[in-house]
Colleague: 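Once you've had a glance at the structure underneath, I'll fire off some questions.
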Amino acid sequence: MAESSGSNKAAERIGYITRVQSFSACHRLHSLYLSDEENKKVYGKCNNPYGHGHNYKVEVTVRGKIDPVTGMVMNLTDLKRCIEEVIMIPLDHKNLDKDVPYFASVVSTTENLAVYIWDNMVKALPASLLYEIRIHETDKNIVIYRGE
């Protein structure tokens, strides 16, 4: 086992934990700042007035020191609870544009969804643990946000 120089204490190790959660939601890509014609041009079929849905897969990654006593970066039960409160309750089986106040004035792109999840997860988790939000909108479209 690696030891820190000049000490019998084991070196601090940094670990990453990722929890995957799926949810379903619908939305319409439509900007209040564009005309109807511009919205159709920019968003195409995703601007359908009736909306469309996705089965999103979200990966929440935390990063931190591996506690020498518990052997954990954080308790997975706590991470699961935070995901339930931040993602599942407000977003699952919802119309993002109509049921989530944040999206009343923000276009419900997957990029903005990642920002929304980040902003709420960072409040629910212990300080400085959240590392990354990765959202699979489809098998081919993935958005990553790291709070930058």
Colleague: Given side chain to side chain contact (heavy atoms under 4.5 Å, CB included), test Leu96 with Tyr102 step by step and report yes or no.
Modeller: CA-CA 9 Å; Leu96 299 178; Tyr102 178 84; over 6 Å; no
Colleague: Residues two or more places apart in sequence or in another chain: which of them pass ring pair (Phe, Tyr, Trp, His ring centres under 6.0 Å) with Tyr145?
Modeller: Trp118
Colleague: With rounding to the nearest 0.5 Å, note down the distance linking CG in Leu129 to OG1 in Thr61.
Modeller: 12.0 Å
Colleague: Taking only residues two or more places apart in sequence or in another chain, which ones pass salt bridge (charged side-chain N to carboxylate O under 4.0 Å, His left out) with Arg28?
Modeller: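 For Arg28 there are no salt bridge (charged side-chain N to carboxylate O under 4.0 Å, His left out) partners, ignoring immediate neighbours.
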Colleague: Would you kindly confirm whether Ile66 and Ile17 end up in one hydrophobic cluster when ILVMFWY residues are joined by side chain heavy atoms under 4.5 Å apart?
Modeller: yes
Colleague: Got more than 12 heavy atoms from elsewhere within 6.0 Å of CG, Asp139?
Modeller: no
Colleague: Verify side chain to side chain contact (heavy atoms under 4.5 Å, CB included) between Ile135 and Ile117, making sure each step is shown before the conclusion.
Modeller: CA-CA 10 Å; Ile135 303 176; Ile117 292 171; 4.0 Å; yes
Colleague: Using the salt bridge (Lys or Arg N to Asp or Glu O under 4.0 Å) rule, collect all pairs that involve residues 100-123, keeping only residues at least two apart or in two chains.
Modeller: none
Colleague: Answer yes when Glu148 and Arg146 have at least one side-chain N-carboxylate O distance shorter than 4.0 Å, and no when they do not.
Modeller: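 So Glu148 does not pair with Arg146 through a salt bridge.
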Colleague: Do the ring planes of His52 and His54 sit parallel (below 30°), tilted (30 to 60°) or perpendicular (above 60°)?
Modeller: perpendicular
Colleague: Can any side-chain N or O of Lys57 pair as donor or acceptor with the backbone N or O of Arg134 at less than 3.5 Å?
Modeller: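 Between the backbone of Arg134 and the side chain of Lys57 there is no qualifying donor-acceptor contact (under 3.5 Å).
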Colleague: Got a sec, which hydrophobics cluster with Tyr131, joining ILVMFWY side chains under 4.5 Å apart, including via others?
Modeller: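 Noted: Tyr131 shares its cluster with Ile14, Tyr16.
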Colleague: Hey, can you pull the donor-acceptor pairs under 3.5 Å for the side chains in residues 74-86, sequence neighbours left out?
Modeller:
{"unit_1": "Asn75", "atom_1": "OD1", "unit_2": "Thr77", "atom_2": "N", "d": "2.8"}
{"unit_1": "Asn75", "atom_1": "OD1", "unit_2": "Thr77", "atom_2": "OG1", "d": "3.3"}

Colleague: Donor-acceptor pairs under 3.5 Å, side chain of residues 43-51 to any protein atom, not counting sequence neighbours: which ones?
Modeller:
{"unit_1": "Asn47", "atom_1": "ND2", "unit_2": "Leu29", "atom_2": "O", "d": "2.8"}
{"unit_1": "Asn47", "atom_1": "ND2", "unit_2": "His30", "atom_2": "ND1", "d": "2.9"}
{"unit_1": "Asn48", "atom_1": "OD1", "unit_2": "Tyr50", "atom_2": "N", "d": "2.8"}

Colleague: Can you measure from CG (Asp92) to OH (Tyr56) and round to the nearest 0.5 angstrom?
Modeller: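 Those atoms lie 12.0 Å apart.
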Colleague: Which atom names give the shortest non-hydrogen contact between Leu130 and Val122, and what distance separates them?
Modeller: CD2-N, 3.9 Å
Colleague: Give, for atom OG of Ser24 and atom NZ of Lys94, the distance between the pair rounded to the nearest 0.5 Å.
Modeller: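 Interatomic distance, Ser24 OG to Lys94 NZ, rounded to 0.5 Å: 12.0 Å.
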Colleague: Say whether Met72 and Leu125 are linked into one hydrophobic cluster, either directly or through other cluster members, by side-chain heavy-atom distances under 4.5 angstrom.
Modeller: no
Colleague: Grouping I, L, V, M, F, W and Y whenever their side-chain heavy atoms are under 4.5 Å apart, do Ile144 and Val58 come out in a common cluster?
Modeller: no
Colleague: Nearest 0.5 angstrom please: Leu91 CG to Tyr116 OH, how far?
Modeller: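 Going from CG on Leu91 over to OH on Tyr116, the span is 5.0 Å.
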Colleague: Evaluate the side-chain proximity of Glu132 to Arg63: yes if any heavy-atom separation is below 4.5 Å, no if none is.
Modeller: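 SC-SC contact between Arg63 and Glu132 ruled out.
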Colleague: Is Asn39 reaching over with its side chain to a backbone N or O of Ser31, donor-acceptor style, under 3.5 angstrom?
Modeller: yes
Colleague: At what distance, to the nearest 0.5 angstrom, does CG of Asn112 lie from NE2 of His27?
Modeller: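 One finds 11.0 Å between CG of Asn112 and NE2 of His27.
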Colleague: Ignoring hydrogens, what is the shortest heavy-atom contact between Pro90 and Val100? Give both atom names and the distance.
Modeller: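 Heavy atoms of Pro90 and Val100 come nearest at O-CG2, 3.6 Å.
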Colleague: Can you tell if the side chain of Val143 reaches within under 4.5 Å of the side chain of Glu137, non-hydrogen atoms only?
Modeller: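 No, too far: nothing below the 4.5 Å cut-off.
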